[in-house]
Amino acid sequence: MKRKLIGALVGAAVMSMTAGQALAQAKAPAAKGMAAKPAGVKLSGEMVKIGVLTDMSGVYSDLGGQGSVTSAQMAIDDFKAQAKPGWKIELVYADHQNKADVGSNKAREWYDTQGVDMMTDVLNSAVALAVSKVTLEKKRVLIDAGAATTRLTNEDCTPYTVHYVYDTYALANGGGKAVVKQGGDSWFFLTADYAFGHSLEKDTADVVKANGGKVLGAVRHPLNASDFSSFLLQAQASKAKIVGLANAGGDTINSIKAANEFGLTKNQKLVGLLTQITDIHALGLPTTQGMMFTEGFYWNLNAETRDWSRRYFAKMKKMPSMLQAGVYSAVLTYLKAVQAAGTDEADAVMKQLKSMTINDMFAKNGKIREDGRMVHDMFLVEVKKQAESKEPWDYYHVRSVIPGSEAFQPLSLSRCPLVKK
Amino acid sequence: MSEIFGVPVQALMGQLMLGLVNGSFYAMLSLGLAVIFGMLNIINFAHGALYMMGAMFAWMGLNYFGIGYWWSLLLAPLGVGLVGILIERSMLRWLYKLDHLYGLLLTFGLALIIEGLFRDQYGVSGQPYSIPEELTGAFNLGFMFLPKYRAWVILASLTVCFATWYVIEKTPLGAYLRAATENPQLTQAFGINVPLMVMLTYGFGVALAGFAGVLAAPALQVSPLMGSNLIIVVFAVVVIGGMGSILGSIVTGLGLGIVEGLTKVFYPEASATVVFVIMAIVLLLRPAGLFGREK
């Protein structure tokens, strides 16, 4: 009885809220229809609406989260200042809680009732795959900056999904290859037990084998495992030279911490396959020095990256991860494409996107391929020793630049049906 | 080398040891919950958040005031205990007469608020807290390489658990506590200040969580999410042991740590769920829990 009453109350509250929104939306176009008549740009709902869907509070919220929302807003502000568009741009964001069903429901709601034209960030591979399906169904645009799985541009590719920042192939190919070449030819994997971890493990194992190494085994741990010592003991028992961490965020941090404590790093080398600058910051240089991995962005790369990152730092008090920097670039590129296409209609924008060359602080001569892969240079980095670090967040030696053509899976190997062979 | 189901005995021993370490945390946390539930009839969902607060206090103490690990081990639980007393005085004590559900909702809300505050301030990646000088290094046990710190965790937790059990079951103070649980009105009629005891019990229960937090700080990353990762398992432990049973929570905590450790060897994918499977089975066969009494 009590429960029913609460249910009814919540239901009524939600109904009144959505009704209010619908009303507001119905009013909005009439109000500014005349004022903001865009110069030759035809827009649905009289504005471009961008949705940042990310993990706002869970394990990955330092990689994306509020930082992604901030960089999306920066991109909108910069675009307004540079291009002076005569049309309105709006930003919405939501937390998908790392749950695929929450993510796809949110996407459906945004596309159906809120008139969202483009979604970005969407980290977490499981969520990304679900949102990509909804995007295809609703014919909008998804520029995914956060997810890692290569399935987005292979089996599950769609004409409306762009995979922007990195993928497991690029991570494996950069870090994996370099490590095998340095003599790390036997591997054991510590893998997060879901789409992303499996994908990263498989791609890295392929690279290791292709370069003459061998894989001795793997252990799958649940997402968000609090204690890694037992998995690390198994890794230790494998006697593999390299222990590959096919996980991310808080899981990577706790793995590295426990590996140091259990003395694993004395005889074996730890390779984080998706390590990001926020992880290094959280662990500190003494624990992480000498680790090598692939990054898509580093704030201290050149004057342009430093300039942008310092602006970001002023707002967030942290340097951006490659995801957060990627979100900025993705939003900016999308807005330029809408401007050039003269509409926010998804097919036209996608056509424009795939014909553009992307040049900003994130990508140099970036190209979006027919399978949706954005191809740009990646970086092989090594973590500095404490003594080599000159200022806060000065963490990497960039050991080599991996050209986009080598970093990402070649189009000839793509399993995406959109690719004409 | 001998093997059990294809796993070398040595590896198995190592995993048992680690299971015991994790079990120590479960035991300490579920002990606090059991004490609080036994005395206050409150299902304290804020326990995980207060455990995290213990670890955060240790980190803050070190980074803002230069307080080392050993002092933190004393001061952080005291701080958490004070926060607990504040919560009890200002909010919880109005709820004793009401259904369990109200206490649960209040503490759950508090947990979200506390976590949210720390997350907003420090982000989720957490802060590094290094192992104290005296406890770095490791023992070579022959079958495994056991970091000294983990050994210390087992020792400290067992001592605290035993002392708590002793005080509650074997001393006059414990007898008053148990009497107040059984019949508060009658106990008060004998001139014992029951509300004061209730307040101190809550403070002590959450101080145990804070203590576990400080113990965990060097072993795990100190992060605002560390409590919510653990608390659900700890609740399962309490349910399996029997709500409110002191000995039950200690034994079940250690036991389940070991079971979980073994699962990580034989079928790691299930390590996050095994505790709940056991919980379901126990609830089917013994609804009051392994050590609980039906009322």
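So you know, we letter chains A, B, ... as the sequences are listed, proteins then strands, and number each from 1. What's counted below: heavy atoms across the whole structure, side chains too, no hydrogens, waters or symmetry copies.
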Euclidean distance, Q221(B) CD relative to T287(A) OG1, rounded to 0.5 Å: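 Here the interatomic distance stands at 8.5 Å.
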Contact origin within A138(B) toward chain A - heavy atom pairs under 4.5 Å: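 For A138(B), there is no contact with chain A at all, as no heavy atom is under 4.5 Å.
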Side chain / backbone / both / neither for Q127(B) at chain A, heavy atoms under 4.5 Å: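 For Q127(B), the contact with chain A is made by the backbone alone.
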Option in G250(A), G58(A), S57(A), P286(A) with maximal non-hydrogen atom pairs under 4.5 Å from chain B: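 The option with the most such pairs is S57(A).
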Chain B interface, residue from Q234(A), R220(A), E261(A) that has the most non-hydrogen pairs under 4.5 Å: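 Top option by heavy-atom pairs under 4.5 Å: E261(A).
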Worked check of side-chain contact (heavy atoms from CB on, under 4.5 Å) between K264(B) and V219(A): CA-CA 9 Å; K264(B) 282 177 180 165; V219(A) 57; over 6 Å; no
Write down the atom of [X], the atom of [Y], and the distance for their closest heavy-atom approach.
X	Y	answer
Y129(B)	K257(A)	O-NZ, 3.3 Å
A282(A)	P128(B)	O-CD, 3.0 Å
S230(A)	G261(B)	OG-O, 4.4 Å

Enclosure of [X] [atom1] (heavy-atom neighbours >12, cutoff 6.0 Å):
X	atom1	answer
F118(B)	CZ	yes
Y194(A)	OH	yes
W70(B)	CH2	yes

Shorter than 4.5 Å, heavy atoms on both sides: which option in [options] has the most such pairs with chain A?
options	value
P147(B), P268(B), G116(B), G123(B)	P147(B)
P224(B), A219(B), A270(B), S223(B)	A219(B)
L220(B), L146(B), T136(B)	L220(B)

Pairing of R150(B) and D227(A) as salt bridge, 4.0 angstrom limit: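 Salt bridge between R150(B) and D227(A), a charged N being under 4.0 Å from a carboxylate O: yes.
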Counting only non-hydrogen atoms closer than 4.5 Å, does [X] touch chain B with its backbone (N, CA, C, O), its side chain (CB onward), both, or neither?
X	value
K318(A)	side chain
D193(A)	side chain
I253(A)	side chain

Derivation and outcome, side-chain contact (heavy atoms from CB on, under 4.5 Å), residues L18(B) and F262(A): CA-CA 11 Å; L18(B) 291 178; F262(A) 279 81; 3.4 Å; yes
